[in-house]
Amino acid sequence: MRRGLEASVTGRTVAHVDVLHPRAVRRHDGSSADFAARLLRRTLGPANRRGKYLWLPLGPGEPEEALVGHLGMSGQLLVQPAAAGDQRHLRVRVSFADAGPELRFVDQRTFGGMAVEPLSGAGVPASVEHIARDPMDPQFDDIAFAAALRRRRTGLKRALLDQSLISGVGNIYADEALWRSRLHFARPTQTMTKAATAGLLAHVRAVLGEALDQGGTSFDALYVNVNGESGYFDRSLDAYGQAGEPCARCGTAIRREPFMNRSSFFCPRCQPPRARAAG
DNA sequence: CGGAGCTCCTGGGGGC
DNA sequence: TGCCCCCAGGAGCTCC
């Protein structure tokens with residue numbers, strides 16, 4: 001989605017903004033009208049991403065604020081011809097001075113939203129500053145992550161989903177990386193050695209890299225790129241959503257357990273609750 | 001303070 | 001067919 005935004009809206013100047021649902025801009029510090037007014041006649045800069053936050057600095061000139069989007073559970077940022085009919089859950093429409101395709105924020109559940117926010121000196125919006133770097137970010141610090149993990153007193157998957165420690169790893173990719181690492185979701189973080197964490201990070205990066213190559217994990221039309229196209233990483237899932245299916249390594253049935261008001265999928269044989277004694 | 005549960009929404013799908 | 005319940009790629013708030 002970030003790549004798609006950069007290719008299709010960066011460098012364009014906003015001519016009109018429609019907020020069709022006020023809840024979609026509830027994180028904006030001001031009214032819907034203020035949100036629209038702050039975007040008018042601004043030029044969108046290059047697209048940035050951290051975790052599930054996306055932002056485009058606002059020109060012209062040295063950017064002091066940015067258009068920030070968060071997708072929540074069901075948000076989409078689509079680039080659509082102005083003539084295309086409104087999507088059912090269209091929340092925000094941004095039209096451009098060149099009369100080319102519109103940027104549309106579509107969100108069924110409205111857990112996501114958009115805002116115009118000031119940028120810090122480092123060029124990061126205020127609402128994104130507490131979000132850790134993504135493991136695909138060259139500046140992600142593996143050593144610091146391993147140390148932070150050992151300081152935590154919680155379960156491994158909880159830590160992977162904690163965006164202040166590491167971002168970009170959601171429920172699906174956490175389960176996939178844990179399966180590849182043969183680690184149980186509740187493994188105490190303080191038992192994670194530097195080597196175990198290095199191995200886990202390698203698997204996290206492999207999972208994210210493969211998913212990006214395949215356009216993401218798309219169960220249905222909710223999960224799409226800016227052109228509305230679904231990815232197909234769901235065909236590569238070894239754990240997530242595979243309850244009852246044989247583990248691709250050992251044949252044991254994958255198990256589903258309730259976890260943080262959602263689900264964890266794991267192989268009870270490959271990923272035992274306690275660390276293996278050796279090997 | 002860090003950690004964990006609850007909650008904000010809408011809709012699809014399965015079971016009865 | 002209809003209804004009810006469960007579930008869903010997230011994360012902020014509030015309590016302990």
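Proteins get letters first, then strands, A, B, ... in listed order; numbering begins at 1 in each.
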- [ ] Please report, rounded to the nearest Å, how far the P atom of B/dG3 is from the NE2 atom of A/H130.
- [x] 15 Å

TODO: Return the minimal non-hydrogen interatomic distance between A/P60 and A/R41, and the atom names on each side.
DONE: CD-O, 4.2 Å

Task: Heavy-atom pair with the smallest gap, counting every atom of A/Q80 and A/Q87 - done: OE1-NE2, 3.0 Å

Open item on the list: Quiz question: by atom type and distance under 3.5 Å, do the side chains of A/E117 and A/S127 form a donor-acceptor pair?
Closed with: yes

- [ ] Give a yes/no verdict on a cation-pi contact between A/R2 and A/W55, requiring under 6.0 Å between NZ or CZ and the six-membered ring centre and an angle within 45° of the axis.
- [x] no

TODO: For A/F259, report the nucleic acid contact type (base, sugar-phosphate, nothing); a contact means any heavy atom under 4.0 Å.
DONE: nothing

TODO: Send over the distance from A/D107 CG to C/dA11 C1', rounded to a whole Å.
DONE: 13 Å

Task: For A/H203, ring pair (Phe, Tyr, Trp, His ring centres under 6.0 Å) partners two or more places apart - done: none

TODO: Please report, rounded to the nearest Å, how far the P atom of C/dA11 is from the CG atom of A/L161.
DONE: 9 Å

Open item on the list: Test of understanding: with side chain to side chain contact (heavy atoms under 4.5 Å, CB included), list the residues that count as partners of A/M73, not counting sequence neighbours.
Closed with: A/R109, A/F111

TODO: Round to a whole Å and report the spacing from CZ of A/R151 to P of B/dC1.
DONE: 16 Å

TODO: Might you work through the side-chain contact (heavy atoms from CB on, under 4.5 Å) test for A/D29 and A/D34, ending with a clear yes or no?
DONE: CA-CA 9 Å; A/D29 185 19; A/D34 181 72; over 6 Å; no

Task: Nearest-angstrom distance from the residue atom CG of A/L156 to P of B/dG3 - done: 14 Å

Open item on the list: Taking Watson-Crick (N1-N3 plus N6-O4 or O6-N4) and G-U wobble (N1-O2, O6-N3), each under 3.5 Å, can you produce the dot-bracket string of DNA chain B? Use [ ] for crossing pairs and | for inter-strand ones.
Closed with: .|||||||.|||||||

Open item on the list: Output the rounded distance in Å from CZ (A/R256) to C1' (C/dA8).
Closed with: 11 Å

Task: Between C/dT14 and B/dC9 - P atom distance, rounded Å - done: 15 Å

Counting only pairs under 3.5 Å, give me each side-chain donor-acceptor contact of residues 253-261 of chain A, with atom names and distances, residues two or more places apart or in other chains.
residue	atom	partner	partner atom	Å
A/R256	NE	A/S263	OG	2.7
A/R256	NH2	A/S263	OG	3.0

Open item on the list: Strictly below 4.0 Å: does A/Y173 bring a side-chain N or O up to OP1 or OP2 of C/dG10?
Closed with: no

TODO: Write down the distance between CG (A/D134) and P (C/dG10), rounded to a whole number of angstrom.
DONE: 13 Å

Task: Sidechain N-carboxylate O distance under 4.0 Å for A/R93, A/D86 - done: yes

Open item on the list: Between A/H28 and A/V116 (side chain of the first, backbone of the second, donor and acceptor by atom type, cut-off under 3.5 Å), is there such a pair?
Closed with: yes

Task: Members of residues 66-77 of chain A that approach DNA chain C, where some heavy atom sits under 4.0 Å away - done: A/H70, A/G72, A/M73

Task: Option among A/T43, A/V94, A/D98 that satisfies the side-chain contact (heavy atoms from CB on, under 4.5 Å) test with A/R12 - done: A/D98

Open item on the list: Under 4.0 Å from OP1 or OP2 of B/dG5: is there any side-chain N or O of A/R158 that close?
Closed with: yes

TODO: Describe, in one word, how the ring planes of A/F140 and A/F145 are oriented to each other, choosing from parallel (under 30°), tilted (30 to 60°) and perpendicular (over 60°).
DONE: tilted

TODO: For nucleotides 7-14 of chain B, just jot down a letter per nucleotide in 5' to 3' order: B, S or -, based on protein non-hydrogen atoms under 4.0 Å.
DONE: BBBBS---

Open item on the list: Quick check on C/dC7: is either OP1 or OP2 less than 4.0 Å from any side-chain nitrogen or oxygen of A/R262?
Closed with: no

